[in-house]
Amino acid sequence: MGKTLIFSAPSGSGKTTIVRALLERFPQLEFSVSATSRSPRGTEQNGIDYHFFTQEEFMKAVAEDRFVEWEEVYKGTCYGTLRSEVERIWDKGNVIVFDVDVMGGMNLKRIFGQEACSIFIMPPSIEELRRRLVNRATDAPEVIEKRVAKAEFELTKATEFDHRVVNDNLNTAIEETVAILEKFIGTGR
Ligand code: ADP
Ligand code: 5GP
């Protein structure tokens, strides 16, 4: 079993922004491309950001036991970690980066144990989280409200993670995360 990094956060906390910065800095990291039943948004590409499945394709993959874990993260929208991604990345000797919801992060930590480092990215406040989702301008207002409502529950799970990083100032949050990674996997570039 190789090493894994698990990043979870309420949507809009800045997890994707931080993970992108880390992927540039640590060449040994590789992003696990999840499957999702939602449609691509913005510039997202199939096979790079997600494997975009229809709901039928997703449930077929569930029946075939192709997921390490999966969740209906939002009503009617499923996301899952494919076993084939885990194998592909470990075969290359790389460290897997999981970007998953809070329940998925807790499940992956339970599965991978000591070989996993779980990091919870926190927004400075719920108001700032809403502001970031509005400014990102990728989700409809009702979707944003669903994500904010879920965030309040998700924040209660932060203590279940190995580390918590508050993303107030982005550069500070990246440097804090880099320090955690250097301890867990060694130095980056
Ligand atoms: P997540 O992956 O957690 O949903 P994103 O990385 O997409 O979040 O970030 C949500 C929005 O907030 C994006 O528009 C991003 O540019 C912005 N953002 C990220 N970090 C910060 C920060 N420290 N301060 C202000 N805005 C931020
Ligand atoms: P988004 O729609 O913003 O890309 O993602 C919504 C949420 O689904 C995020 O919290 C993201 O981390 C989570 N997610 C993405 N892939 C997976 C996965 O494979 N499993 C789980 N459990 N959650 C995922």
Side-chain angles (χ1 to χ4, degrees), residues 4-24 31-53 58 61-62 66-86 89 96-112 116 118-140 142-144 146-151 153-155 157-158 160-161 164-177:
T4 67
L5 290 167
I6 302 165
F7 289 91
S8 297
S11 179
S13 304
K15 171 172 44 106
T16 307
T17 309
I18 292 172
V19 166
R20 283 205 184 123
L22 297 170
L23 288 167
E24 277 181 20
F31 186 69
S32 164
V33 181
S34 294
T36 180
S37 65
R38 79 157 164 76
S39 315
R41 69 178 178 221
T43 58
E44 285 179 338
Q45 289 179 51
N46 191 28
I48 293 176
D49 300 284
Y50 282 107
H51 296 286
F52 292 100
F53 286 13
F58 197 98
V62 170
R66 287 173 57 201
F67 291 115
V68 180
E69 64 76 39
W70 70 275
E71 295 281 332
E72 184 176 5
V73 176
Y74 301 105
K75 203 166 164 24
T77 311
C78 297
Y79 297 79
T81 302
L82 290 160
R83 294 187 193 282
S84 54
E85 279 294 294
V86 172
I89 298 170
I96 306 177
V97 174
F98 294 115
D99 172 337
V100 293
D101 85 314
V102 172
M103 298 315 287
M106 288 164 57
N107 285 335
L108 289 173
K109 175 68 187 177
R110 212 169 292 127
I111 293 165
F112 296 117
S118 62
I119 302 172
F120 191 102
I121 308 290
M122 300 179 69
S125 65
I126 291 280
E127 297 70 48
E128 174 62 14
L129 183 79
R130 182 183 279 112
R131 232 184 332 266
R132 287 183 191 174
L133 287 171
V134 170
N135 288 343
R136 190 170 71 182
T138 52
D139 300 292
E142 64 273 18
V143 174
I144 291 179
K146 264 205 240 174
R147 290 179 182 231
V148 170
K150 189 161 187 186
F153 161 75
E154 291 171 324
L155 285 169
K157 300 290 177 197
E160 310 257 342
F161 284 69
R164 282 152 295 283
V165 173
V166 178
N167 178 22
D168 189 354
N169 176 282
L170 180 60
N171 287 331
T172 308
I174 291 172
E175 288 315 316
E176 266 181 52
T177 319

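Remember, it's 1-based here, ligands and their atoms both numbered in the order they're listed.
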What is the closest protein heavy atom to atom 20 (N) of ligand 2, and at what distance does it sit?
-> E69 OE2, 2.7 Å
Quick one: does D168 get a heavy atom under 4.0 Å from ligand 1?
-> yes
Under 4.0 angstrom from ligand 1, any heavy atom of N135?
-> no
N-O pairing of E69 and R110 below 4.0 Å = no
Geometric N/O contact E71 with ligand 2, under 3.5 angstrom | no
Can you tell me if R38 and T36 form a side-chain donor-acceptor pair at under 3.5 Å?
-> no
So is Y50 close enough to ligand 2, meaning a heavy atom under 4.0 angstrom away?
-> yes
Does ligand 1 have any atom sitting under 4.0 Å from a heavy atom of G12?
-> yes
Between R41 and ligand 2, which part of the residue brings a heavy atom under 4.0 Å of the ligand: side chain, backbone, both or neither?
-> side chain
Of the side chain and backbone of A9, name the one, both, or neither that has a heavy atom under 4.0 Å from an atom of ligand 1.
-> neither
Touching ligand 2 at all, Y74? Heavy atoms, strictly under 4.0 Å?
-> yes
Can a non-hydrogen atom of R147 be found less than 4.0 Å from any atom of ligand 2?
-> yes
